[in-house]
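Structure record follows, encoded as structure tokens.
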Amino acid sequence: MEKGEIMDSYRLCGGTFFLLLTKAALHKPTHGQIYSGAADIVTEQKILEALFKIAVPSISDLSKDDARNYKSCKGKGSRNLRTNDGTAGKLLNEKLNDNYAECHSKMKQFINKYIDTDNNQDEWLVYAILELIENDVTIDDEQPFYIGNSNAMTTKRYLLSVDRIDLPAFLLGIFLFVLTEIKDNTVGKETYESWCPVTGEKHDRRIFDSAIGSAPKRHILIEGHGYELSAKADEAADNSTDNCENTIATAKSPPIYDSIIRSAKAAFPILIAAINALGSINEDELQSFLSQSYYQLIITNSEIHGAKHVDIPLERGLNYGRTPAEIKERCGDLSKEGIDELLSYPAIICNENVFHNGKTDENQLAILARLTKIKKGETDIRIRFFPLATFFQKQLNEYAVDLGLSSGVTLTTLNTTHWTVRKKNLFEEFEDVEIPFCRYTLLYKSSVLQTDVPTNQTKILVTDFKKFNIGCYTTVTQYMSISHLDNDRTYRYTGVFEFKNIYVEGKRFIRMSTLWNKIYITGDLSTENWTSQSYMNNYANAGSGKVTAIFKVLNYATKSVHFLLIMEVKDE
């Protein structure tokens, strides 16, 4: 680390990304070369304009000041360059989804024109960006990055383990991240100042003085900018046997990770991010998991959200329901071999339907899970699981036939606690009927929750819930008949709450309340604990809104609760 460099200040944003690009660029021609007619193609403003043209082809007339201010993480841009409104990120995202190959080709042209690949500056650039991401504590390990052929999704954790990278795909993914996730470019100002300290008497003169990227932890093979991304190249890559386990989207030989994405048909980015959170499962196991021709259905009347296991009575095990005969024969006695086979199958875990005749509460969520352990006891079978994603349970009723639950039997199947297996490829069926997984938008997090989820992270997965250390909680619905709530017990409820500004000793709070089954639930929310001030103001101004709240009862007599988490839950 160089003098003046502060590791804790590392932040990835548009400015720091652009700064690293300029340091990896070709050397400028000398004044003599320019006088002789050489084109000064590597000015910072031209690099910036060429970069943004990939997202916004109509952008032009960027100035030297635009480039200098963007690189030094100043302000909100200029008349010609605005990044805080999200327009550039939205346009780039649309282009990547509509024609990834074209974007890849444009980024490759950008690299070939501006990056000094002859002197291995492309390798330094990759190492520097990865080191910046690794040390940016505001980027969670499971933060999605859309990097790879067809704009596939990976996570920070996986990104930091790769040993082969397609450079155009990598830079496109990082560019998309800084445009869509980092709206405030000034967050990188401290990073810029630590890398580019003031020199001499002129305070506006700064020289890049950082060792970032100079001591990589592993060798990474940089590919992509010397190859055309084409259907022919993709076809050859599909037939290639030279796949690397930790690889991201090379145009010559896509990695196993891409084949996993293709097996899931790129339909479930939320699921892929959640599976990556497992960490201990390798790519071959993932490939098998996604392509299984069986799935398990576990139905219980006990709490599943926030729980780590489900207990099923022995008499309601695999031999109870309509489990295929071959599964009963191989796995019904829960031998070691049988359990190993069952652990390889995906599972749907859900509560019993609230109603009969194939209907349930519209807010009821089912869990897509990977089973981690099965243990047979004297009276029950304990099934431990890792939640991968959630979806609205009403879709199990709606698509019963597609999922191997014939409509007649379904009237009782989802109302009865038991464990069964169905002969269906779950992910193919999910895609065919377009069942989406839920996305959680975190609105509010109590300061009592100790978690490594960054305070400014608003998009979370069900796999993030373990980080909040809430433990098990009871899900209540508007149709449950409960006369009271228990003190010191944690509940989860989805419904319409009222939001009201109140002031206590001159300090602003948001009072959140609802009437549920004649029980009035209320608590005051600190303004500092909202993940976004705009979320807080929107709900306060609207006066009411439908949210999911996890809360602990402080005093039932006064109907006072402590709200731990408040979220919007939507299917995407």
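Computed from heavy atoms alone, side chains included, the values below leave out hydrogens, waters and symmetry copies.
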Atom pair NZ (Lys424) and CG (Leu297), whose distance is rounded to the nearest 0.5 Å: 14.0 Å
Atom pair OH/OG1 of Tyr444 and Thr527 - distance to nearest 0.5 Å: 9.0 Å
Carboxylate-amine/guanidinium proximity below 4.0 Å for Glu362 and Lys546: yes
Under the ring pair (Phe, Tyr, Trp, His ring centres under 6.0 Å) test, residues paired with Tyr345 that sit two or more places apart: Tyr294
Ring pair (Phe, Tyr, Trp, His ring centres under 6.0 Å) involving Phe392 - partner list, sequence neighbours excluded: none
Listed partners of Phe391 passing ring pair (Phe, Tyr, Trp, His ring centres under 6.0 Å), at least two apart: Phe430
Sub-4.5 Å side-chain heavy-atom contact between Leu565 and Leu442: yes
For Gln364, all residues meeting side chain to side chain contact (heavy atoms under 4.5 Å, CB included), sequence neighbours excluded: Asn351, Val354, Thr360, Asp361, Gln393
Salt bridge Glu341-Arg330, side-chain N to carboxylate O under 4.0 Å: yes
Plane angle bin for Phe563 and Phe497 - parallel if under 30°, tilted between 30 and 60°, otherwise perpendicular: perpendicular
Side-chain touch Ile348/Ile298, heavy atoms, less than 4.5 angstrom: no
Pairwise distance NZ(Lys90) to OG1(Thr87) - rounded to 0.5 angstrom: 8.0 Å
Contacts of Glu568 that satisfy side chain to side chain contact (heavy atoms under 4.5 Å, CB included) - sequence neighbours left out: Thr441, Leu443, Tyr539, Lys570
Side-chain heavy atoms of Leu159 within contact of Ile147, under 4.5 Å: yes
Pairwise distance SG(Cys331) to CG(Leu342) - rounded to 0.5 angstrom: 4.0 Å
Test item: side-chain donor near acceptor, Thr514 and Glu498, under 3.5 Å: no
Pair Tyr440, Thr390: side-chain N/O donor-acceptor within cut-off below 3.5 Å: yes
Residues forming a ring pair (Phe, Tyr, Trp, His ring centres under 6.0 Å) with Tyr520, sequence neighbours excluded: none
Ring geometry between His484 and Tyr556 (parallel below 30°, tilted from 30 to 60°, perpendicular above 60°): perpendicular
Any side-chain donor near an acceptor of the partner, Arg511 and Thr522, under 3.5 Å: no
Minimum heavy-atom distance Arg422-Leu405, with the two atoms named: NE-CD2, 3.3 Å
